[in-house]
Amino acid sequence: MNRIIIIIGIISFLFSCSPNSQVEEKDEATLQQDQKMEWWREARFGLFIHWGLYAEPAGEWKGERIAGISEWIMARAAIPVKEYEKLAENFNPEKYDAEAWVKLAKYAGMKYIVITSKHHDGFAMFQSKASKYNIVDATLFGRDPLKELADACKKYGIRLGFYYSQAQDWHEPGGTYFNIEDGKPHWDANLVREPLMNYINGKAVPQVKEILENYGGLDILWWDTPRGMTEEAAQALQDVADEYPDMLTNNRLYRPWPGDFTTPEQHVPPTGLDYDWEVCMTMNTSWGYKSYDENWKSGETLIRMLVDIASKGGNLLLNVGPTPEGLFPEPSIDRLKQIGLWMQQNSESIYGTTASPFFKLPWGRCTTKEVDGNTILYLHVFDWPKTGLLQVPGLKTRIKDIYLLSNPKQKFAWKFEDDDLFIHAPSIIFDPINTVVVIETKEKVKVTSNMPTLKEGSILLPADFADIHNPGYGTHAYLSGSGKKSIIQNWVDARVRLEWMFNSVEPGKYKIETLIKANEICKLNVTVGDKNVESEIQPTNNKFEIISLGEIEISETGNQSISLTPDRENWGEVELMYVELVK
Ligand code: FHN
């Protein structure tokens with residue numbers, strides 16, 4: 001909302017000023033926002049903590065395993081309010097040690113923590129005068145864990161944010177719930193409904209005031225799920241937040257208010273976003289602790305994900321769901337330690353970096369920094385070259401030095417060939433997860449894009465040049481291998497779209513071919529610009545086959561994209577190696 005007010009201010013100012021002063025005023029607003037975001041952009045990596053009463057049932061209710069994310073158990077198992085409340089009687093996280101949590105986050109290289117102060121179940125994990133349904137008044141534990149966390153964060157120099165579920169509050173007669181927008185009743189018929197504003201004025205606004213006043217000043221207020229929210233309700237909460245102009249808020253108070261940053265959930269946008277963004281991600285599937293959720297991402301996946309996000313200019317907020325005793329689950333601790341080990345040697349290539357200047361790097365990612373007007377490039381090599389040469393496409397620049405970040409004495413020789421830089425890479429793989437090679441240059445680097453060009457009648461678009469548009473929740477397609485051997489695997493969710501950027505210098509009619517494996521008849525749409533072709537793929541008997549997807553007219557020159565969008569009704573399991581356009 002702050003941002004909206006600033007924008008409105010700028011627009012009115014623009015109408016009353018000369019062209020030169022207009023530019024100055026606009027820059028001033030941007031500068032102010034830049035200043036506000038500075039620590040957050042520098043940080044790149046934070047810890048999300050989902051902790052509440054739901055940690056106790058941990059995904060099971062009355063002996064039955066309840067599907068879905070564990071913090072939703074009250075809704076998913078339709079637990080009546082009074083019954084759910086009883087969880088508070090047993091909630092006694094005696095092993096909770098705020099300093100241990102903060103120290104581990106710090107070791108992992110995280111610069112900030114965001115913790116659930118109240119999730120959708122309505123239970124406040126902080127002392128609240130506004131509602132007795134809080135951890136100090138309603139449990140044996142009787143301590144305020146968020147106060148302890150705030151103190152520990154101050155002590156160890158970690159920024160702190162609170163998550164607050166402002167709309168959904170399943171405990172209150174005026175709170176919203178997951179299908180309120182479809183006119184469905186709350187699952188607990190005994191909860192006699194009241195207007196939303198009763199809850200907003202009676203609980204949400206007073207509690208938000210409490211969290212903003214009582215914890216030494218928060219760095220972030222992280223709203224969640226504006227389901228059933230009205231502008232009036234959002235404005236009442238925004239007015240409270242506005243009292244803290246340095247505090248950052250996300251984009252989830254009310255749609256389409258942008259907040260200070262946007263929050264892709266459970267997926268990484270294939271290319272960066274043009275507004276500050278933070279991916280929130282679980283280490284397994286559930287946000288809250290779920291005792292039998294063993295779907296853990298590997299340390300390697302998480303390290304590469306952090307790097308991937310930084311290389312696109314975003315932040316990662318990585319989640320842990322502590323147990324009812326107040327401990328981080330062992331697999332989370334292992335992963336944080338593994339990330340920490342990598343960060344101890346390589347964090348310089350993450351903190352304060354900006355997005356990669358390259359179009360695609362088949363062997364990994366790149367992050368950059370400007371120092372004294374010169375560019376430092378951090379090459380994150382996921383697949384160490386077997387050829388002994390690391391090709392950096394389109395980079396012709398004056399180089400000061402090239403060395404290994406974890407051991408700057410390890411220097412690398414280099415040469416230029418045509419438009420590319422080649423770094424002589426020894427056969428030793430320094431770090432199988434991600435070796436960071438630093439290029440210090442003597443200027444501000446400009447890169448010639450290695451975007452494929454459609455010329456001389458054809459273009460081949462390999463799997464590792466595709467942008468995979470995965471949905472937040474669902475089965476994600478992923479890339480394996482690189483170059484000619486790269487494959488997009490696990491393309492089973494029909495919401496996953498593949499897209500390739502290319503440059504066309506030759507308009508005309510093109511045949512579309514693909515090297516693909518499909519286990520049943522699959523239909524998809526191929527789109528280039530405003531042209532669209534519907535295609536059908538026959539099963540390929542468990543092997544890759546070259547299949548024709550029809551013909552398409554390319555009428556424009558310059559940068560274009562080709563998209564493959566599955567037909568939701570007709571899709572199976574697909575793997576893809578490339579798409580080729582042939583005149
Ligand atoms: O419903 C919540 C969910 O439980 C979790 O808190 C995530 C975290 O971003 N937010 C909502 C779903 O978008």
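Note that the coordinates shown come from a computational prediction; the quantities given were computed from them, not determined experimentally. Just follow the structure's listing: the first ligand is 1, and inside any ligand the first atom is 1.
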Discussion item. Is it the case that the side chain of Tyr96 and the backbone of Glu325 share a donor-acceptor pair, with hydrogens and angles ignored and the cut-off at 3.5 Å?
Written reply: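 Flag not set: sc Tyr96 to bb Glu325 has no pair under 3.5 Å.
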Discussion item. Using a 3.5 Å distance criterion without hydrogens, assess whether the side chain of Trp287 forms a donor-acceptor pair with backbone atoms of Gly321.
Written reply: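 No: the side chain of Trp287 does not pair with the backbone of Gly321.
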Fill in: Identified side-chain contact (heavy atoms from CB on, under 4.5 Å) counterpart of Ile113 within the set Val320, Leu47, Asp219
Leu47
Discussion item. Does any N or O of ligand 1 fall below 3.5 Å from an N or O anywhere on Arg252, backbone included?
Written reply: yes
So which bit of [X] gets within less than 4.0 Å of ligand 1, heavy atoms only: side chain, backbone, both or neither?
{"X": "Thr116", "result": "neither"}
{"X": "Trp222", "result": "side chain"}
{"X": "Gln168", "result": "neither"}
{"X": "Met281", "result": "neither"}

For [atom], what's the nearest protein heavy-atom neighbour? Residue, atom name and distance, please.
{"atom": "atom 3 (C) of ligand 1", "answer": "Glu71 OE2, 3.4 Å"}
{"atom": "atom 5 (C) of ligand 1", "answer": "His50 NE2, 3.4 Å"}
{"atom": "atom 10 (N) of ligand 1", "answer": "Asp224 OD2, 2.6 Å"}

Element-labelled atoms of ligand 1 that are located less than 4.0 Å from some non-hydrogen atom of [X]:
{"X": "Trp72", "answer": "1 (O), 2 (C), 3 (C), 4 (O)"}
{"X": "Tyr163", "answer": "6 (O)"}
{"X": "Cys280", "answer": "9 (O)"}

Worksheet, complete the sentence: Among His120, His119, Glu265, the residue with a heavy atom nearest to atom 13 (O) of ligand 1 is Glu265
Practice prompt. Check the surroundings of atom NZ in Lys147: do more than 12 heavy atoms from other residues, nucleotides or ligands lie under 6.0 Å from it?
Written response: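 Open: at most 12 neighbouring heavy atoms sit under 6.0 Å from NZ of Lys147.
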Discussion item. Check this for me: Gln344, atom CD, are more than 12 non-hydrogen atoms of other residues, nucleotides or ligands nearer than 6.0 Å?
Written reply: yes
